[in-house]
Amino acid sequence: MRILVLLLALLWFAACSDDDGSVVLRLDENGYVFSPTKLEGSVEYLPSMKPEAMRVIELDEKLNPIDSFEVSLKKNSDTDFFVESRDYEYPYVKIVTVFSVGNKKMEFAQYVHLSNDNSRLRLNIYGALAADRIEYLVKNKKKSFNQAENQALEELGKVFDIELDDVNERRYNGFSYYGEQLQDLLPYVYCRHEISDSLFYENFNKFNSMFAEKGMIDSAWVLEAADAWLSTFEILADSADYLFKSVSKDTVNYLYWMDEKFFSRAYGIDLTSGYTKEVVNTNRASAFYGRTFVYTSHVKYGSRQSKWRLLSVLEDSLGMCEHQSSYYSTKSIQRNDTIYTCRPESHIWEVITERDSLFNHQYGECSRDQNNGRAMYVHDSLFVCECEDSKCAWSDKYVEKVFLESDTMYAKVLDAKATARFGKCAYGNFGDMLKLDSLFVECSGNRWNPIDSLLYYLGHCSSVNYKGEHNGSYYSCQGTWSNIDDTTWREIYPPEYYNDKCDLNRIVEYDSSYYICEQLKCEGDGCFAFRTWRKLEDAELIPPVLNKDTCGSPQENLKIVYDDVFYECKDGKWETVPEDSLLPPEKDGVVCDDSLGGAVKKYGSYYYTCKEYQWKALSVKESLPYLYRDSLGSCDTISNKLLLWDKDRGGFFGCTLRDSIYKWDEISVGTDPYTLPKKLVVSKLAGNTLGDSTYEATVDGVVYHFNIRKMTYTQPFYNLILSQVDFGGKSYAAYSYGGRLFLHGERGKDSLMLSSIENPSASFTDFYANWKKRIVATWRGSTPDAEVPDSSVSVLMYSKDTYMTYEQAKAFCPKGFHIPSEMEFEKGFRYGTSYLDLRNDSPIRWYFKGSNFDSSTSNEIYADIFWTSTEKDTDTQYCYETTIRTVTMDVKGTGVVECPKDLYPMVQAMCVMDD
């Protein structure tokens with residue numbers, strides 16, 4: 001009983017098992033049963049959102065996926081689901097709900113911490129919005145699941161100003177039919193669901209990404225959401241029930257009325273005090289900046305009630321069109337020549353009159369039926385047909401008036417003047433362009449219309465007439481980036497007119513002027529493809545520009561010299577380099593160009609390297625190989641290449657071989673976390689010959705053997721990793737981690753079947769059989785009674801010292817080392833790596849593939865069993881066992897097992913350095 005209690009206290013997850021290995025129950029870190037369990041609950045998204053599919057993803061304690069399976073909704077239900085009781089290895093799952101939108105899918109994931117009762121699960125948008133934040137806190141901030149979930153929900157609650165501690169049991173509570181609070185519709189408004197499903201899902205993912213990293217969202221997000229929702233509101237002229245109502249795809253979800261608290265928060269205004277009747281939106285970032293909210297009355301079910309609404313743009317100009325009863329008179333307002341009216345029981349200003357056409361023909365009777373309002377010139381005098389009351393007559397009251405282009409009658413008067421000069425614009429002279437005094441006109445649309453001078457001189461733009469020259473200037477009508485369909489003539493530079501190829505940063509000369517091809521500064525899809533010519537200013541005409549030296553991306557940072565002055569290519573342009581910014585090599589006249597790429601030069605006590613057309617001062621660390629070369633000689637001249645100690649820097653260096661060339665380089669010995677014991681004076685390891693793959697040094701009578709790992713993509717290139725230690729002439733496989741030494745039996749070079757090892761003990765057969773059952777149980781999905789053939793179990797790097805009985809193990813460790821106790825294994829001596837070339841042990845290898853093990857591909861499990869110094873009884877010793885799956889290099893199981901003291905083979909000895 002004492003042992004059971006001890007195990008429950010030590011294990012992160014505990015499982016009670018029957019003899020056949022089947023799981024009965026599992027306990028979480030608090031001692032509560034979480035498995036096996038059933039899952040039951042409902043999908044609590046918008047009523048209009050009906051889930052199409054669901055799946056459950058089983059997770060480990062780091063929220064990495066282990067397995068997944070599909071879930072069906074209950075029969076005759078759109079939202080309820082049920083999963084039969086089953087076993088879960090860890091108390092964490094992620095439930096993904098899938099919705100269909102046309103031919104696209106929307107997926108929402110929610111993390112659930114399994115408990116002893118999982119029958120009231122509620123999948124909702126809050127859980128989905130918190131999911132990525134929970135995962136971020138677990139994986140990046142090393143928080144436990146409970147800590148991450150509590151923090152994420154607290155932060156999300158602050159975003160929406162609600163309490164979310166019951167999120168996994170929270171039912172949907174939306175906008176009531178006549179309610180005024182968004183409630184659980186708020187996240188959907190934040191993500192703009194009322195606009196479109198695609199925009200909602202896009203914003204949902206953006207929200208998740210931002211919230212996952214920051215634990216909050218930017219204030220601009222709320223502002224944009226408010227603008228989007230407010231854009232769906234309409235003033236309804238034909239309804240006495242809803243004066244100001246949101247009309248969108250979420251109308252079916254009762255998204256009707258303004259949430260005054262939401263808009264107050266979004267715009268930084270107050271629509272909730274009850275004392276103010278009119279509020280202006282002063283938030284400059286809002287699309288509704290300067291618009292006015294009013295607190296006004298409307299009729300609802302025959303009773304008058306007051307609510308906030310937004311004035312229309314026209315109301316901002318004309319004043320509010322109030323909701324009136326039928327006994328009120330019509331209210332009218334005139335602006336210029338337009339009349340607006342606010343009818344009884346309406347809230348929308350209407351236009352009731354428009355300006356009539358003033359004329360259609362050059363001559364004719366002035367009456368209400370003919371020529372009413374017509375203008376024409378007779379002997380250079382202007383006459384207009386006007387009617388007052390029942391009398392119509394040609395009026396000359398405009399004879400002295402000078403009409404400006406901004407005057408409403410300007411076009412009519414200009415047509416009348418041109419008609420008097422050139423005749424009526426008709427089919428016969430259609431397209432004629434003529435000069436009228438200082439103006440230009442064209443016959444089009446049965447009237448003379450004003451045109452600009454370029455159209456007169458260059459003609460209409462067409463596929464054969466799109467470039468022209470006039471008075472020494474060049475023009476094009478091919479459109480611009482902002483409006484490719486714009487066919488008005490605009491002035492262009494000579495290289496565009498002559499079709500010079502516009503290669504980025506190319507410079508050409510025309511008539512003593514210089515032009516450069518640059519990227520067009522614009523925004524939008526496809527803008528990157530547009531380039532344009534620009535005339536260079538006089539200040540830009542420096543020697544490399546006049547000499548047309550190429551300056552583009554390949555020449556970035558390149559310097560050239562004219563008359564002892566340096567010029568540098570920056571962002572596609574030549575710039576003068578200030579003299580005080582030049583480095584010593586440049587002051588010496590040495591330019592970093594292609595011929596010096598990678599060169600290193602010394603000036604004073606500093607080294608400089610030529611890289612990407614720039615001289616750069618090397619750091620102290622980067623300078624060390626050159627200091628060693630200059631003080632000790634080039635590596636290719638040194639026959640006995642030693643590992644040297646730099647006492648000033650406190651590190652090792654030597655000649656390393658890379659790409660068949662020896663060079664001075666920093667060398668790492670015992671790279672963190674594979675650090676050597678603190679009591680070892682590491683500088684004493686220096687002074688011996690450095691091989692290509694191994695290094696050996698004797699310190700205080702102990703021989704240390706190192707393997708040289710060559711780190712191709714990192715620095716230092718050579719990393720010396722401890723592999724063997726000799727004490728008093730006896731060799732041990734060694735593993736250094738966290739400043740401590742771990743010793744094993746010396747490794748062999750061969751592998752063999754475990755069952756082929758000779759002279760097994762009497763206890764081996766039963767222990768080996770039970771071990772096979774345990775190893776099967778570590779593999780997810782395999783059947784408990786699946787058989788493990790002897791041919792699939794081997795020992796890697798076997799030697800005569802690999803396995804030993806407990807009596808042999810007690811005598812195995814050298815002085816200063818000991819066999820760890822059960823508690824030491826559990827608390828401190830678990831392997832920090834799963835790489836066998838660093839651990840130097842000899843694991844048991846189980847290779848398997850097939851349907852019995854739910855594995856269609858090859859898999860390997862490596863297992864190690866070590867003696868502990870903790871005794872159970874006179875015949876039994878506790879051992880520590882660990883298993884690793886090599887495909888994913890993740891630990892499949894660790895724990896203490898009982899071993900007969902005479903067991904051979906299968907158990908290794910591991911010695912750990914005394915404190």
Before accepting this row, confirm whether a basic side-chain N of the pair Lys573/Glu518 lies closer than 4.0 Å to the acidic partner's carboxylate O. yes
Is the shortest side-chain N to carboxylate O distance from Arg649 to Glu666 below 4.0 Å? yes
Sequence neighbours left out, cut at 3.5 Å: what donor-acceptor pairs do the side chains of residues 538-549 make with other protein atoms?
from	atom 1	to	atom 2	distance (Å)
Glu540	OE1	Arg534	NH1	3.1
Glu540	OE1	Glu537	N	2.7
Glu540	OE2	Arg534	NH2	2.9
Asn547	ND2	Asp549	OD1	3.1
Asn547	ND2	Tyr562	OH	2.8
Asp549	OD2	Tyr562	OH	2.5

Listed once per pair and sorted, the salt bridge (Lys or Arg N to Asp or Glu O under 4.0 Å) pairs that draw on residues 673-698, sequence neighbours left out: Lys684-Asp700
Any donor and acceptor pair, going by atom type alone, linking the side chain of Glu202 with main-chain N or O of Leu199 inside 3.5 Å? no
Ring pair (Phe, Tyr, Trp, His ring centres under 6.0 Å) partner of Tyr474, the single match among Tyr466, Trp489, Trp533, Tyr498: Tyr498
Between Trp221 and the options Phe204, Phe207, Phe211, the ring pair (Phe, Tyr, Trp, His ring centres under 6.0 Å) test singles out Phe207
Under 3.5 Å donor-acceptor, Thr637 side chain and Gly633 backbone: no
I need the Leu129 CG to Cys191 SG distance, nearest 0.5 Å. 5.5 Å
Is there a side chain to side chain donor-acceptor pair (under 3.5 Å) between Ser668 and Thr671? Walk through the geometry before answering. CA-CA 6 Å; Ser668 176; Thr671 304; 2.4 Å; yes
Before giving the answer on salt bridge (charged side-chain N to carboxylate O under 4.0 Å, His left out), spell out for Arg845 and Glu860 the whole-Å C-alpha distance, their side-chain angles and the decisive distance to 0.1 Å. CA-CA 7 Å; Arg845 172 182 178 263; Glu860 290 179 313; 2.3 Å; yes
Ring geometry between Tyr674 and Tyr735 (parallel below 30°, tilted from 30 to 60°, perpendicular above 60°): tilted
Are the side chain of Ser209 and the backbone N or O of Lys206 linked by a donor-acceptor pair below 3.5 Å? no
When you measure from the side chain of Ser144 to the backbone N and O of Gln147, does any donor-acceptor pair fall under 3.5 Å? yes
Let's go through Asp636 and Ser634 carefully: what are the C-alpha distance in whole Å and the side-chain angles of both, what is the deciding distance for side chain to side chain donor-acceptor pair (under 3.5 Å) to 0.1 Å, and is it a yes or a no? CA-CA 6 Å; Asp636 55 11; Ser634 177; 2.8 Å; yes
I'd like to know if the side chain of Ser736 and the backbone of Thr675 have a donor-acceptor N/O pair within less than 3.5 Å. yes
Does Thr576 use its side chain to pair, donor to acceptor, with the backbone of Tyr567 at less than 3.5 Å? no
Pair Phe727, Phe817 - check ring pair (Phe, Tyr, Trp, His ring centres under 6.0 Å), show working. CA-CA 11 Å; Phe727 290 93; Phe817 289 79; 5.5 Å; yes
Can you tell me how far apart SG (Cys569) and CG (Leu558) are? Round to the nearest 0.5 Å. 7.0 Å
Gap between atom OG of Ser842 and atom CD of Glu746 - 0.5 Å precision: 10.0 Å
Are Ser731 and Gln724 close enough, and set up right, to give a side chain to side chain donor-acceptor pair (under 3.5 Å), and what steps lead you there? CA-CA 7 Å; Ser731 297; Gln724 180 180 319; 3.1 Å; yes
Atom CD of Glu579: over 12 foreign heavy atoms under 6.0 Å: no
CD1 (Ile217) and NZ (Lys214) are apart, to the nearest 0.5 Å, by 10.0 Å
Check this for me: Lys611, atom NZ, are more than 12 non-hydrogen atoms of other residues, nucleotides or ligands nearer than 6.0 Å? no
Step through the shown structure and confirm whether more than 12 heavy atoms of other residues, nucleotides or ligands are within 6.0 Å of NZ on Lys467. yes
Would you say the side chains of Thr689 and Asn640 form a donor-acceptor pair under 3.5 Å? yes
d(Ile66 CD1, Leu59 CG) to nearest 0.5 Å is 7.0 Å
With no hydrogens and no angle check, is any side-chain donor or acceptor of Asn205 less than 3.5 Å from a backbone partner on Tyr201? yes
Would you give me the side-chain donor-acceptor pairs under 3.5 Å for residues 500-508, sequence neighbours excluded?
from	atom 1	to	atom 2	distance (Å)
Asp500	OD2	Tyr510	OH	2.2
Asn505	ND2	Cys551	O	3.2
Arg506	NH1	Lys501	O	2.8

Using residues 132-141 as the side-chain source, report each donor-acceptor pair under 3.5 Å to any protein atom, sequence neighbours left out, with the distance given to one decimal.
from	atom 1	to	atom 2	distance (Å)
Arg133	NE	Glu155	OE1	2.8
Arg133	NH1	Ala212	O	2.9
Arg133	NH1	Glu213	O	3.3
Arg133	NH2	Glu155	OE1	3.3
Arg133	NH2	Glu155	OE2	3.1
Glu135	OE1	Tyr111	OH	2.8
Glu135	OE2	Lys139	NZ	3.2
Lys139	NZ	Asn64	OD1	3.4
Asn140	ND2	Tyr136	O	3.3

Give the C-alpha distance, both sets of side-chain angles, the deciding distance and a yes or no for side chain to side chain contact (heavy atoms under 4.5 Å, CB included) between Val699 and Tyr704. CA-CA 8 Å; Val699 178; Tyr704 296 88; 3.9 Å; yes
Salt bridge (Lys or Arg N to Asp or Glu O under 4.0 Å): which pairs involve residues 555-567, sequence neighbours left out? Lys559-Glu568, Lys559-Glu586
Can you tell me how the ring of His470 sits relative to the ring of Tyr475, calling it parallel under 30°, perpendicular over 60° and tilted otherwise? tilted
Indicate whether any N or O donor in one side chain lies under 3.5 Å from an N or O acceptor in the other, for Asp593 and Ser595. yes
Sorted by first residue and then second, give each ring-ring contact (aromatic ring centres under 6.0 Å, His included) pair with at least one member in residues 590-636; sequence neighbours left out. Tyr607-Tyr626, Tyr628-Phe653, Tyr628-Trp664
For the side chain of Thr882 and the backbone of Asp864, is there at least one donor-acceptor N/O pair under 3.5 Å apart? no
So, Arg747 side chain and Asp841 main chain: donor-acceptor pair closer than 3.5 Å or not? yes
Quick one: pull up CG in Asn203 and CG in Asn208 and give me the separation to the nearest 0.5 Å. 11.5 Å
Please check: side-chain N/O of Gln555 versus main-chain N/O of Gly552, any donor-acceptor pairing under 3.5 Å? yes
Determine, for Asp665 against Arg658, whether the closest basic-nitrogen to carboxylate-oxygen distance falls under 4.0 angstrom. yes
